Amino acid sequence: MVDVNSIVSALRHRKIAAFLIVVEIAVAFAILSNALFLIGVEFERVTIRSGTTESELLDVTVAPTPGREMVNADATLRGDLRALAEIAGVKAASALNQVPYGGGGWFSGIALKPDLEPIKYSEAQEVTVYLGDESALETLGVRLVAGRGFRADEVVPFAPDVTPPIAILTRAAATRLFGRSSAVGRVIYMSSGQGKTTPVTVIGVIERLLQPFVLAGQTTEQSYSIIRPERPSFAGGVHYVIRASRTDMPQVEREVKEALAKSDPPLQILSERPLTEVKSAYFREERSMAWTLAIVCLALLIVTAAGIFGLTSVWMRERVHQIGIRRALGATRGQILVHYMLENFPLAVGGVLLGSALAFATSSFLLVHGYSSSRLPLMYVAVGAAILLGLNQLAVFTPARRAATIAPAEATRL
Amino acid sequence: MLSYDIEIALRGFGRDKVMTALMVMAVALGIGASMTVLTVFHVLSGDPLPGKSQTLFYVQVDPEPVREYYPGVEPASRLTRFDADALYASGRASRQAIMYGGSVAVHSPNPKDIPFYANARYTSPDFFSMFETPFRYGQAWSAAAERDRENVMVIGKTLNDRLFGGRNSVGRTLQINDTVFRIVGVLDAWRPVPKFYDLYRGSNGQSSNYSETEDVFLPYSTAIGMGLKPNIVLCVGRRPSGMQETDLAAPCTWAQLWVQLNTPNEAQRYHAYLESYSDAQRAAGRFERPNNVRLRSLPQYLDFNNVVPRNVRLQLLFAFAFLFLCLVNTGALILAKFLLRSAEIGTRRALGASRRAIFAQHLVESATIGLVGGFFGLGLTVMGLWVVRQQPVQYADVVVLDWSMLALTFALAISSSTIAGLLPAWRVCRVTPAFGFKDR
């Protein structure tokens with residue numbers, strides 16, 4: 001049986017301390033729930049999927065060697081791709097103009113009518129342009145959900161102001177343009193510079209292919225990309241993408257260097273990294289932010305627990321005499337334990353209630369100042385409340401158990 | 001009397017070891033977290049040219065089409081070549097640095113080495129004096145060399161170490177792309193934080209604001225003559241086919257102009273000049289928009305570009321919220337600890353100790369907690385900064401604790417624990433004399 005009156009009266013005697021505990025739990029709660037939310041946001045970003053078989057891809061960026069004239073760049077590129085495809089263990093190789101997580105990218109407006117200005121999508125829905133050859137889909141491991149991929153005779157070397165007549169869309173881009181009806185065989189109009197548009201027939205739809213960078217709040221489903229049947233030019237940057245199983249990868253990495261060293265004329269390898277490494281480098285800020293917040297959360301829980309533990313211990317020590325009397329009057333150990341376990345539960349609840357207001361205020365502050373892109377979801381408030389109420393009970397447990405062990409004989413001591 | 005108070009305070013600090021340890025830990029954690037982030041913030045938001053930055057101004061005019069114009073819209077962050085050249089040629093400022101960035105192929109003097117790319121800055125000779133670049137050997141090229149498009153260059157320390165083993169390479173030649181350049185100057189280590197003279201934020205939030213300085217510096221006029229491409233270009237109008245973005249008439253913004261204006265008066269006159277320049281350009285049909293010029297001083301330019309990364313500002317917010325939490329926590333613990341000795345305080349009051357003495361004694365005890373917490377907090381800060389330096393961030397190598405931050409650590413620790421002790425000290429000095437006798 002919990003004696004509510006004695007709990008209330010105990011708190012009334014410690015107004016300042018009770019007030020401080022409520023403030024402490026409120027502040028801890030506001031920080032904790034917002035930090036957990038921001039960690040969740042970063043986690044969502046980092047766990048976005050590109051639609052490719054990321055763990056099997058090697059990304060090699062190359063550039064012409066200064067001073068070594070390139071007579072036929074496209075021939076050099078095709079020669080390199082043949083050499084790369086012949087390496088033992090290589091499943092497929094392709095040359096792209098950009099890769100997911102690579103950073104900046106190519107964009108284009110697309111429209112459904114030729115005479116309109118190309119749709120200027122807001123940034124979050126802009127279409128990014130991948131240039132790839134007939135083996136691009138196989139190399140990236142993207143899943144074709146409708147239509148077909150490119151044939152070798154459809155692929156041309158990139159030329160400025162020229163737009164090939166066919167293209168492959170991601171499902172997100174296709175759905176945006178054509179809704180639920182099939183996009184295969186439909187015509188879109190792509191900007192081809194100088195304010196002109198070119199009709200382009202959609203021949204295939206792939207499940208997804210992320211653009212080279214990840215926007216705030218972007219989900220895996222929002223990958224608005226288009227692939228055009230072109231081999232990229234060295235002026236715009238070339239990524240040789242090589243697909244090999246993870247076991248073959250170390251061997252393949254070595255042989256890729258040798259194969260490219262024989263390229264004619266020789267190319268400079270600017271970087272050679274597995275796509276997983278490109279991804280991890282791309283998200284380093286997010287990871288460092290999440291870790292910092294996690295450390296703050298941990299330190300916050302330690303400090304809060306220490307505070308509650310310290311205060312309750314002192315309250316207990318002050319009342320050794322009183323507890324002894326209660327024991328002498330017949331209170332069982334269990335009753336004493338429950339009493340002290342519950343004594344500052346009202347404070348914790350008060351702290352959480354005050355903290356909720358503070359948490360939402362903090363959340364709107366972060367939103368207004370551009371530190372977050374959405375309001376604090378209730379889920380994080382609930383999780384934060386559960387953690388703090390649990391922590392409160394945990395911190396109180398040791399002092400309460402010690403109180404329960406006080407012998408009735410303490411009542412007789414002075 | 002005061003030393004007696006301090007002695008009692010110190011003795012009080014030493015009692016209730018567990019409580020004291022909890023308080024010291026709270027202060028140390030709060031100080032460690034906030035000082036780590038504050039140091040990063042301090043380093044990143046530092047004034048790159050103390051005493052001089054107020055006199056350096058970044059010039060912007062607005063060459064964009066009138067479509068999408070509204071009053072107050074931010075003009076293009078860079079200038080078209082036409083505007084940059086014209087403003088530079090007018091020579092209205094005591095010093096001016098016209099510039100753009102790019103990358104060049106450097107051919108090592110050792111023919112066996114493969115040529116490599118290096119970041120380059122194409123600028124006028126005032127760049128070096130305006131931005132106080134330290135010279136290891138030689139000096140900047142002359143105004144005459146700039147005018148005559150001479151093939152001269154200044155190289156950075158890293159490149160000089162790599163190609164010439166750090167020896168004086170003034171007078172030596174280097175092939176840049178297809179042209180042979182004579183080295184006239186070699187910089188010493190130069191790593192302004194942020195790299196203030198060229199701030200850029202990509203659409204995806206990535207920036208190079210904390211990257212290292214360039215290794216190759218060439219005269220602007222020479223670079224233009226060679227047709228060297230800028231690394232960041234924004235074309236604001238339609239370009240006839242065949243026209244290069246570096247052509248004089250190209251509606252593309254990529255050039256930058258910094259001017260030194262030594263007095264507010266000069267700055268005002270220069271601003272008026274930019275207005276009249278815009279008027280003239282509009283009269284000539286080049287500008288469509290109403291006058292829209294900016295003349296930000298270096299500190300304003302840094303501020304406008306939000307040089308301190310968003311994440312660092314957010315971390316600062318959280319760290320200080322956490323410090324506040326530690327403060328409340330310490331306050332509660334101090335109160336509990338003080339009230340434990342109510343009986344003793346009552347006795348002291350009965351024996352004649354004044355309220356003021358009791359108050360002072362307890363405040364000193366709180367400050368002592370801050371001092372000790374500050375020591376541990378300093379340790380945590382050093383550890384925290386070490387962790388920051390291990391991160392693959394651009395600013396990792398420049399984040400170090402300086403004297404001002406060291407002093408601030410203790411100031412913050414002691415003042416916050418004293419503030420935390422105010423309420424408890426006030427509470428205990430109101431303990432009734434002889435309270436202890438009544439109680440038992």
Side-chain angles (χ1 to χ4, degrees), chain A residues 14 16-17 20-21 23-24 27-28 30-31 34-35 38 63 65-68 103-105 123 161 193-195 212-216 266 268 270 281 284-286 288-289 291-293 295-296 299-300 302-304 306-311 313-315 317-318 362 365-366 369-372 414, chain B residues 16 18-19 21-23 25-26 29-30 32-33 36-37 104-107 114-117 175 177-178 202-206 238-241 309-311 313-315 317-319 321-322 324-326 328-333 335-337 339-340 342 384 387-388 391-393 423-424 427 440:
Chain A
R14 298 177 175 77
I16 297 180
L20 287 175
I21 276 216
V23 171
E24 175 168 3
V27 172
I31 301 176
N34 278 290
L38 291 176
T65 305
R68 305 296 287 270
E123 214 177 3
D161 298 348
Q194 315 302 320
F213 59 78
V214 183
L215 296 159
Q268 284 198 315
L270 300 180
R284 63 191 179 197
E285 297 249 336
E286 283 82 354
S288 111
M289 188 67 205
W291 276 113
T292 312
L293 289 174
I295 291 170
V296 167
L300 171 148
I302 293 175
V303 166
T304 310
I308 297 171
F309 169 81
L311 268 190
S313 303
V314 170
W315 288 352
R317 272 161 67 184
E318 283 174 343
T362 309
F365 175 85
L366 295 179
H369 289 82
Y371 292 112
S372 74
L414 270 180
Chain B
D16 300 304
V18 177
M19 292 285 282
L22 289 179
M23 285 184 262
M25 181 189 75
L29 282 174
T36 302
V37 184
V104 291
V106 179
H107 298 252
I114 303 170
F116 55 90
Y117 287 101
Q175 186 187 334
N177 291 357
D178 303 323
S203 58
N204 50 344
Q206 293 186 333
R238 203 159 284 171
R239 187 158 34 115
S241 82
R310 195 186 68 103
N311 277 358
R313 280 179 283 145
L314 187 57
Q315 285 165 0
L317 212 69
F318 272 93
F322 176 58
F324 176 71
L325 175 81
C326 293
V328 175
N329 175 72
T330 309
L333 287 176
L335 178 67
K337 188 182 177 188
L339 285 178
L340 264 184
S342 294
V387 172
V388 171
Q391 302 291 314
V393 286
L423 193 63
R427 175 68 186 77
R440 304 241 159 140

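Every value quoted in this text rests on a predicted model; they were computed, and no experiment measured them.
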With sequence neighbours left out, the residues meeting side chain to side chain contact (heavy atoms under 4.5 Å, CB included) with A:E285 are B:N311, B:V393
Search all heavy atoms of B:R310 against all heavy atoms of A:Y371 and return the closest pair with its distance.
-> NH1-O, 3.0 Å
Within a strict 4.5 Å, meaning less than it, do heavy atoms of the A:L38 and B:F318 side chains meet?
-> yes
Distance in Å, A:L20 CG paired with B:L333 CG, rounded so as to fall on 0.5 Å steps = 9.5 Å
In terms of heavy-atom pairs under 4.5 Å with chain B, the winner among A:I308, A:I21, A:L293, A:L366 is A:L293
Cut-off 4.5 Å, heavy atoms of chain A, and the answer for B:L29 is side chain
List the atom of B:Q315, the atom of A:S288, and the distance in Å for their closest heavy-atom pair.
-> NE2-O, 4.3 Å
Is there side-chain contact between A:T304 and B:L325, with at least one heavy-atom pair below 4.5 Å?
-> yes
Under 4.5 Å heavy-atom distance to chain A, tell me which part of B:A26 shows up: side chain, backbone, both or neither.
-> both
By a 4.5 Å heavy-atom criterion (distance strictly below it), what part of B:L317 contacts chain A: side chain, backbone, both, or neither?
-> side chain
From the list B:L22, B:N329, B:V328, side-chain contact (heavy atoms from CB on, under 4.5 Å) partner of A:V303 resolves to B:N329
With sequence neighbours left out, the residues meeting salt bridge (Lys or Arg N to Asp or Glu O under 4.0 Å) with A:R284 are none
